[in-house]
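A short worksheet on the structure shown next.
Values below: every heavy atom of this structure, side chains too, minus hydrogens, waters and symmetry copies.
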Amino acid sequence: MSDIIKLLPDSVANQIAAGEVIQRPSSVIKELVENSIDAGADDIKIILKDAGRTLIQVIDNGKGMSATDARLAFERHSTSKITTAEDLFSLNTMGFRGEALASIAAISQLELRTARKEDSIGTKILISGSICEKQEPEMCPVGANFIIKNLFYNVPARRKFLKSNQVELSNIIKEFEKLTLVNHNVNFTLVHNDNTIYKLLGSSFKQRIIDLFGRSLDMQLIPLNLETSMVKINGFVSKPENARKRNSLQYFFVNGRYMRHPYFHKAVTTSYEELIANDMQPNYFLNFTVAPESIDVNIHPTKTEIKFENEAPIWQIILAAIKETLGKFSVVPSIDFDTEDAPEIPAFTTESSYKKPGIEYDPAYNPFETSKSLSKGNYRSQIPDSLKNWEILSEGFTKSKICASDENEISNELLGIEDKNKNNYISSSIFDESIEDGKNSMVCIPLSGKYIISTLNNGLIIIDQHRAHVKILYERYIKQIQQDDIVSQGIVFPIILHLTPAQSAVMEEIDEGLNKLGFNLSHLSGNDWTVNGMPAGVENLDIEDTILQVIEDVNDGGKELSEKIFETIALSVAKNSALSYGKNMSNSEAEALVEDLMSLPEPKYTPDGKKVFNKLNLEQINKMF
């Protein structure tokens with residue numbers, strides 16, 4: 001039998017490596033710009049065509065390469081950054097693996113022009129699919145000029161999975177923001193299809209934040225500076241009142257490198273507990289400086305996942321530093337011990353200067369003496385008379401239906417639920433239960449503004465009212481989209497959306513889909529859009545939040561302009577306009593909601609896979625007792 005294990009050719013090995021290192025056009029930009037930074041460049045220009053599909057060009061004024069180095073740089077695991085394994089634990093450069101250029105050259109048609117300051121003439125290299133086609137001398141400025149054409153041209157499966165130009169451009173801009181934030185002293189230019197998106201001059205960290213995300217952040221940011229023997233942290237956190245529900249700006253950097261760190265993110269959000277709502281997120285831009293040997297960046301080829309040697313102590317340092325910063329700048333409510341309604345608690349002191357006129361200081365005084373009766377079991381004296389006869393409280397449960405108070409009722413019109421004949425019942429196929437037709441035995445009881453409890457022949461079902469309403473509205477929107485039956489209603493005061501360049505790129509992609517869903521949008525100038533209309537019949541919809549959520553969903557999912565985009569938009573609109581938790585319903589409204597839900601073909605799960613209801617059969621209920 002012949003041997004079957006063979007050594008892969010370099011071209012194949014490079015394509016395999018490219019699958020991890022180069023995932024999309026933004027990955028190419030990240031690797032090339034990091035190389036430019038390592039080369040000492042202070043002016044970097046990025047030129048794109050078709051969101052990087054056709055052309056990615058990165059020009060820098062770094063130290064450049066010799067003719068030999070330029071050729072060797074495209075071999076796998078060739079690098080000037082490290083020489084031994086020990087160097088991995090004392091890194092002072094962005095790159096070190098020696099895989100990026102080889103990976104890029106394996107999946108594109110690449111051209112490099114480079115020269116050093118001491119060279120009288122530079123060099124030009126042409127590489128296609130890892131094969132060096134030409135290398136020749138050429139006059140060129142000091143630095144490096146990489147031209148990447150037809151990305152994934154020889155890997156059609158990978159090219160097919162690239163998203164639309166707008167989504168890919170959005171990802172490029174997000175990567176660009178990370179690179180320019182951490183290298184704020186470097187000049188950056190970003191050009192797409194001959195349109196200059198950014199032209200940034202080297203500046204302070206705060207000025208770079210403002211240049212990228214707008215002047216509105218100027219008054220929202222609080223500086224944070226802390227230095228310990230373990231870590232140095234500097235940067236900015238936002239005031240609690242400027243926390244966002246969508247599109248929060250959250251950036252961690254360590255030793256000049258962007259990182260994702262959920263554990264440290266939790267420390268930041270914990271610092272804001274009781275200062276912001278649970279569904280809000282603070283903005284933060286934090287730089288960490290630690291000893292290179294105390295972190296490990298060699299976890300993943302993208303080098304954004306970083307392991308810290310002292311994670312737990314640094315977590316505590318972050319928490320304490322942010323809390324101190326918020327308190328120092330008076331954004332945390334101070335405790336006032338001298339409020340008008342607060343009880344005066346005398347305290348004994350021998351210093352007469354501490355005494356207040358007219359108050360006698362009794363050392364035997366115990367302000368908590370009056371509560372002793374509670375510990376002796378005399379609690380009934382504290383209970384209002386209206387609650388002592390507890391039997392009265394149970395009277396309402398003898399009725400088959402419980403009505404909510406008028407002040408908490410929500411109309412069927414608000415819920416978007418049709419008032420159907422209450423003699424229609426849940427089909428037996430849904431619960432595997434037999435419910436006899438003609439018996440008006442179904443009872444729906446709203447519970448705590450969150451659930452609806454409904455009866456079955458052999459048990460109960462518990463329905464999440466918000467998810468149920470999301471499912472109903474989603475199916476309704478999809479049906480209207482298919483029938484092209486959505487009507488837009490005008491807004492008295494149009495809403496102006498100030499989007500980031502990344503968001504605006506996605507908005508151009510989904511504008512048609514949003515208009516088909518009943519939103520009337522128009523592009524003003526730059527990254528500003530205006531909303532002039534919304535879907536008719538949709539109430540209590542936070543329009544700006546909904547559109548930002550749609551942009552986020554589409555960008556994360558990377559969906560093309562097709563039915564899938566409409567599904568994403570319909571789900572976002574349904575979630576934002578559905579009945580929220582805490583809203584009480586009457587029994588008739590609950591019954592109408594359940595009836596609408598059970599008329600759907602797939603009522604058990606929301607479109608994003610969350611369970612809408614659970615069943616409790618009689619056997620399960622018996623086990624509880």
Side-chain angles (χ1 to χ4, degrees), residues 17 21-22 26-46 56-105 110 112-119 122-123 125 140-148 175-190 200 202 208 253-259 287-293 295-306:
V21 180
I22 308 302
S26 59
S27 305
V28 175
I29 291 168
K30 173 184 180 295
E31 298 296 342
L32 294 180
V33 170
E34 285 184 349
N35 281 345
S36 298
I37 298 298
D38 287 340
D42 60 9
D43 192 283
I44 301 172
K45 186 172 185 179
I46 304 167
I56 298 174
Q57 185 174 7
V58 177
I59 307 169
D60 69 57
N61 64 345
K63 59 187 180 184
M65 291 179 279
S66 67
T68 303
D69 285 345
R71 178 65 188 89
L72 189 59
F74 294 98
E75 297 297 326
R76 287 193 70 204
H77 306 304
S78 59
T79 179
S80 62
K81 316 296 173 61
I82 62 173
T83 55
T84 66
E86 287 72 23
D87 294 339
L88 288 171
F89 301 99
S90 57
L91 291 170
N92 293 299
T93 57
M94 295 298 99
F96 58 88
R97 298 172 66 99
E99 291 182 318
L101 291 181
S103 297
I104 294 170
L110 183 148
L112 167 64
R113 291 179 174 87
T114 183
R116 298 178 299 177
K117 187 176 182 180
E118 62 268 29
D119 294 335
T123 186
I125 294 179
C140 53
V142 174
N145 181 350
F146 284 90
I147 301 174
I148 316 299
E175 194 63 54
F176 179 83
E177 290 168 353
K178 298 169 189 174
L179 293 165
T180 56
L181 278 171
V182 72
N183 300 291
H184 54 83
N185 56 328
V186 177
N187 300 334
F188 281 94
T189 304
L190 178 63
L200 306 172
R208 179 56 56 88
F253 306 99
V254 58
N255 293 359
R257 186 191 307 276
Y258 170 78
M259 69 170 178
N287 284 305
F288 296 77
T289 305
V290 298
E293 60 271 16
I295 59 174
D296 183 4
V297 301
N298 190 28
I299 296 175
H300 191 273
T302 59
K303 301 184 286 288
T304 58
E305 298 175 19
I306 297 176

(message) For Met259 and Phe288: C-alpha separation, side-chain torsions, deciding distance, then whether side chain to side chain contact (heavy atoms under 4.5 Å, CB included) applies.
(response) CA-CA 10 Å; Met259 69 170 178; Phe288 296 77; 3.9 Å; yes
(request) Check the pair Leu32, Ile148 against side chain to side chain contact (heavy atoms under 4.5 Å, CB included), reporting the backbone distance first and the verdict last. (result) CA-CA 10 Å; Leu32 294 180; Ile148 316 299; 4.1 Å; yes
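How far CG of Asn145 is from CD of Gln57: 4.5 Å, rounded to the nearest 0.5 Å. Here CD of Glu34 is found 12.0 Å from CD1 of Ile29. Values are rounded to the nearest 0.5 Å. Note: Cys140 SG to Ile59 CD1 = 11.5 Å, rounded to the nearest 0.5 Å. Interatomic distance, CG of Asn255 versus OG1 of Thr289, reported as 6.0 Å (0.5 Å rounding). Atoms CZ and CG, from Arg208 and Asn183 in turn, are 8.5 Å apart once rounded to the nearest 0.5 Å.
For Arg71, the side-chain hydrogen bond (donor to acceptor under 3.5 Å, both in side chains) criterion is met by Glu75, not counting sequence neighbours. Taking the side-chain contact (heavy atoms from CB on, under 4.5 Å) definition, one finds that Asn61 meets it with Ala41, Asp42, Asp43, sequence neighbours left out. For Asp119, the salt bridge (Lys or Arg N to Asp or Glu O under 4.0 Å) partners are Arg116, not counting sequence neighbours. Under the side-chain hydrogen bond (donor to acceptor under 3.5 Å, both in side chains) criterion, Asn287 pairs with no residue at all, not counting sequence neighbours. Partners of Asp60 by side-chain hydrogen bond (donor to acceptor under 3.5 Å, both in side chains), not counting sequence neighbours, listed by chain and number: Ser36. For Phe146, the ring-ring contact (aromatic ring centres under 6.0 Å, His included) test picks out no residue, with sequence neighbours left out.
Counting heavy atoms from C-beta on, the side chains of Ile22 and Glu31 come closer than 4.5 Å. Contact annotation: the side chain of Arg257 never approaches that of Val182 to less than 4.5 Å [non-hydrogen atoms, C-beta and beyond]. With contacts defined as side-chain heavy-atom distances shorter than 4.5 Å, the pair Ile306/Asp296 does not qualify. Side-chain contact between Asn35 and Leu101 is present, with at least one heavy-atom pair separated by less than 4.5 Å. Residues Ile44 and Asn187 form no side-chain contact, since every pair of their non-hydrogen atoms from C-beta on lies 4.5 Å or further apart. Annotation: side chain of Leu181 is not in contact with side chain of Tyr258 (no heavy-atom distance under 4.5 Å). A 4.5 Å side-chain heavy-atom check between Leu72 and Met65 finds every atom pair outside the cut-off. For the pair Phe176 and Leu200, the minimum side-chain heavy-atom distance is below 4.5 Å.
Shown here for Glu177 and Thr180, the closest heavy-atom pair between the two residues is O-OG1, 3.1 Å. Residues Ser66 and Thr123 share a closest heavy-atom pair of O-CG2, 4.5 Å. Minimum heavy-atom separation, Lys178 to Phe253: O-CE2, 3.6 Å. Nearest approach of Gly122 to Ala115, heavy atoms of both residues: CA-CB, 3.7 Å. Between Ala105 and Phe74, the closest heavy-atom pair is CB-CD2, 4.0 Å. Across all non-hydrogen atoms, the minimal contact from Thr114 to Gly64 is OG1-CA, 3.5 Å.
No more than 12 heavy atoms of other residues, nucleotides or ligands lie within 6.0 Å of NZ in Lys63, so this atom counts as exposed by the packing criterion.
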